[in-house]
Amino acid sequence: MAEGGLPHARLGRRRLSRPGRPCRREGQEEHVHESRHDRRAATMAALGTGRFDVAVVGGGIIGLATAWEAARAGYRVALVERGDFACATSSASSKLAHGGLRYLAMGNIRLVRENHRERQALGRLVAPHHVRPLPFLVALRRGGPHGRAAIGAGMLAYTALSGFRDGIGRLVSPATAREYVPALRADGLTGCGFYHDHQMNDARLAVTTAMAAAQAGAVLLNHAEVTGLRTTRGRVSGVDVRDRLSGAEFGVDARVVVNATGPWVDHLRRMEDPAAAPSVRLSKGAHLVLRRRAPWHAAVTTPVDDVRVSFALPWEGRLLLGTTDEPYEGDPAEVGVTAGDTEQILGEAALAIEPDHLRREDVLYSFAGLRVLPGGDQDTSHARRETVISLGSRGMVSIAGGKWTTFRHIGRTVLGRLRGLLPERASVPGAVPLPGAGEPAAIGHVVSATLPDLPADVVEHLVRQYGTQSHELLGLGLRDAALLERVHPEGPDIWAQVAYAADREWAVSADDVLRRRTTLTVRGLDTPEIRARVESLLATPART
């Protein structure tokens with residue numbers, strides 16, 4: 001089969017076999033089963049061989065972007081992640097690639113302009129299959145923190161900073177706003193600001209970035225914990241690693257170690273220098289995912305005070321609400337959504353949304369993540385969302401803070417710092433497509449023509465999650481029709497995604513698959529039966 005293409009075949013209406021049982025030839029099972037284990041062993045062997053230019057610790061989006069940019073520049077790059085890629089903060093965002101309307105209110109014009117530039121590049125070239133435009137309504141209500149004149153001027157300024165590429169922001173009437181979102185409260189609504197930003201699936205975008213880094217030559221390993229730093233003549237020269245699956249221990253030697261561990265950044269800094277003072281503070285952001293009871297054709301932004309806003313977003317067939325912003329001082333691994341968080345999120349959403357759409361019994365899932373903010377005395381809601389890159393006393397580069405929207409820019413900025421510490425390599429183009437990038441409508445047309453029996457919602461879902469790589473995924477289903485069945489009857493995810501996650505996307509656990517490679521958990525469709533079947537499929541031989 002040609003790369004990126006599908007065989008010329010049609011799915012018949014034959015009876016499908018039980019999900020999770022791919023077809024294999026006689027005598028093939030043992031050999032292929034060993035290959036998946038051997039693939040991870042080979043990765044560990046590669047990490048322990050020779051000397052890398054850059055060793056990145058942390059597989060969130062900032063670490064992945066750094067690995068991608070450094071590998072593109074011709075450096076030999078290693079990356080290890082204690083959990084799964086994007087398993088913490090990077091899969092617990094508000095799922096937005098946005099200019100940051102609240103940053104405009106804070107007077108950070110540079111950040112807003114930078115955000116606009118990056119989100120447009122993501123939506124048009126880098127990842128149009130993952131990042132798509134979404135209309136936004138800023139709900140104005142009597143007694144709210146902002147008046148019509150201020151929001152009208154803000155809409156104009158915000159869209160001007162984007163070069164008006166998404167149209168001109170404006171004020172719309174309550175009646176017009178309710179055509180987009182019928183769930184808007186009629187009482188007290190005086191109008192809405194109207195503009196566009198972008199929405200994305202953060203976990204899928206992170207996995208695709210990991211794939212891009214690997215295709216550029218980086219060696220990546222998840223579920224591998226750094227247990228210590230290696231030093232040579234007083235300088236950090238690598239990391240000691242333990243594989244959390246097998247218990248195997250090995251070392252990675254590197255000219256430069258990059259600490260991109262997010263909320264754990266100071267933990268690794270203290271491995272370098274036990275006396276290192278805290279460099280960051282953490283802020284918790286919690287979200288709720290609710291069953292949706294009405295059409296939502298736009299997101300709703302509700303100002304809570306002079307800076308904070310509440311989001312109500314249509315996402316993956318559900319309603320996503322958030323977020324909180326409060327200091328967090330506990331163990332980053334223990335962050336979660338409390339009863340108080342749920343009360344706050346529902347209460348703030350109710351400022352603009354009818355109560356019938358905010359029923360507690362409709363909450364299907366909740367999640368929380370930690371923002372990494374530069375140290376300071378301001379309350380976290382007013383703190384600037386900026387990235388700080390520092391060089392430690394023994395030569396380790398640490399990255400603190402950042403925004404999803406600007407992950408490519410942050411990766412390029414880190415690369416600029418690394419160039420001063422490493423031999424010069426060739427320059428690289430600024431914007432290149434991620435794997436699978438393509439026009440979703442065109443990709444969907446090809447998929448539908450090739451597999452006409454595949455339901456329209458499944459086609460749209462696969463195109464948005466995988467782009468042109470959906471052809472590779474569906475190739476698995478053409479060899480075993482059971483993989484084309486839905487994992488859950490109420491969702492568009494199919495069993496081929498589970499197989500693809502295990503074979504080509506580093507997934508080794510049910511959480512890797514259900515929470516970050518598919519949308520089953522965030523849709524509230526992660527049942528015990530499905531989890532058991534996923535674990536069974538993960539234990540079967542690879543299909544490639």
Side-chain angles (χ1 to χ4, degrees), residues 40-60 62-71 73-85 88 210 213-214 216-280 332-333 389-400 411 414-415 417-425 506:
R40 187 172 179 90
T43 299
M44 287 189 281
L47 288 170
T49 302
R51 188 185 188 193
F52 288 84
D53 294 309
V54 181
V56 180
V57 183
I62 301 306
L64 293 170
T66 298
W68 182 31
E69 294 293 341
Y75 294 110
R76 187 170 186 239
V77 180
L79 182 145
V80 292
E81 160 59 43
R82 181 181 186 275
D84 185 26
F85 302 130
V219 182
L220 283 66
L221 188 67
N222 56 354
H223 300 286
E225 180 179 10
V226 168
T227 58
L229 298 180
R230 296 185 159 196
T231 59
T232 301
R233 293 187 293 275
R235 305 286 290 179
V236 173
S237 59
V239 291
D240 292 317
V241 183
R242 180 177 65 87
D243 177 26
R244 301 186 72 200
L245 302 184
S246 67
E249 297 183 349
F250 59 96
V252 180
D253 293 319
R255 295 175 185 270
V256 179
V257 172
V258 176
N259 172 11
T261 54
W264 292 270
V265 64
D266 282 339
H267 172 74
L268 205 64
R269 288 179 65 249
R270 283 189 286 272
M271 283 189 183
E272 179 186 31
D273 178 4
S279 64
V280 301
I389 303 171
S390 61
L391 186 65
S393 60
R394 297 188 177 187
M396 183 172 69
V397 175
S398 293
I399 312 167
V414 177
L415 176 61
R417 291 292 297 269
L418 295 178
R419 287 186 184 278
L421 304 172
L422 295 167
E424 186 64 27
R425 294 288 189 271
W506 299 277

Nearest heavy-atom pair of Val252 and Ala78: which atoms, and what distance? CG1-CB, 4.0 Å

Would you check if the side chain of Glu272 reaches a backbone N or O of Met396 as a donor-acceptor pair within less than 3.5 Å?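 The answer is yes, because a donor-acceptor pair under 3.5 Å joins these two groups.
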
Within the supplied structure, the quantity of interest is the number of heavy atoms (other residues, nucleotides, ligands) at a distance under 6.0 Å from Arg242 CZ; does it exceed 12?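 Yes - once you tally the heavy atoms of other residues, nucleotides and ligands closer than 6.0 Å, there are more than 12.
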
Using modelled atom types only, decide if a donor and an acceptor are shared between the side chain of Arg419 and the backbone of Arg425 within a distance under 3.5 Å.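 A pair under 3.5 Å: yes.
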
Determine the minimum heavy-atom distance between Ala67 and Ala218, stating which atoms define it.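 Looking at all heavy atoms of both residues, the closest pair is O-CB, 4.5 Å.
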
Report the C-alpha distance between Arg40 and Leu221 in whole Å, list the side-chain angles of each, state the deciding distance to 0.1 Å, and finish with yes or no for side-chain contact (heavy atoms from CB on, under 4.5 Å). CA-CA 8 Å; Arg40 187 172 179 90; Leu221 188 67; 3.4 Å; yes

Nearest heavy-atom neighbours spanning Val56 and Ala260: CG1-CB, 4.3 Å

Do the non-hydrogen side-chain atoms of Thr227 and Glu249 ever get within less than 4.5 Å of each other?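 Side-chain contact under 4.5 Å: no.
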
Between Ala224 and Val80, what is the shortest heavy-atom contact and its length?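 In this case the closest contact between Ala224 and Val80 is O-CB, 4.1 Å.
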
Apply salt bridge (charged side-chain N to carboxylate O under 4.0 Å, His left out) to the pair Arg255 and Asp53, showing each step before the final yes or no. CA-CA 5 Å; Arg255 295 175 185 270; Asp53 294 309; 3.1 Å; yes

Approximate separation, where rounding is to 0.5 Å, of Arg230 CZ and Asp240 CG: 4.5 Å

Backbone N or O of Trp506 within a donor-acceptor pair of the Asn222 side chain at under 3.5 Å? yes

Sole candidate of Leu47, Val257, Val256, Leu79 that passes side chain to side chain contact (heavy atoms under 4.5 Å, CB included) when paired with Phe52: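 Exactly one candidate clears the test, Leu47.
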
Spacing of CG belonging to Asp273 relative to CG belonging to Leu229, to within rounding of 0.5 Å: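 Answer rounded to 0.5 Å: 11.0 Å.
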
Can you check whether Ala277's main-chain N or O pairs, donor with acceptor, with Arg269's side chain at less than 3.5 Å? yes

What is the minimum heavy-atom distance between Leu415 and Ala70, and which atoms define it?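 Heavy atoms only, the tightest pair is CD1-CA, 4.0 Å.
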
With distance as the sole test, does Tyr75 use its side chain to make a donor-acceptor pair with the main-chain N or O of Pro423 at under 3.5 Å?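 Indeed, once roles are kept as given, a pair shorter than 3.5 Å links the two residues.
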
Pairwise side-chain contact, Leu220 with Leu64, heavy-atom cut-off 4.5 Å (strictly under):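 Yes - at least one pair of side-chain heavy atoms lies under 4.5 Å apart.
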
Measure from the side-chain N and O atoms of Arg417 to the backbone N and O of Ile389, and report whether any donor-acceptor pair falls under 3.5 Å. yes

Between OG on residue Ser279 and CZ on residue Arg270, distance to nearest 0.5 Å: 8.5 Å

Checking the side chain of Asn259 only, and the main-chain atoms of Val265 only, is there a donor and an acceptor separated by less than 3.5 Å? yes

Shortest non-hydrogen contact from Trp264 toward Ala333: CZ2-N, 3.7 Å

What distance separates Glu81 CD from Thr261 OG1, expressed to the nearest 0.5 Å? 9.5 Å

Are Leu421 and Val397 packed together at the side-chain level, in the sense that at least one heavy-atom pair is separated by less than 4.5 angstrom? yes

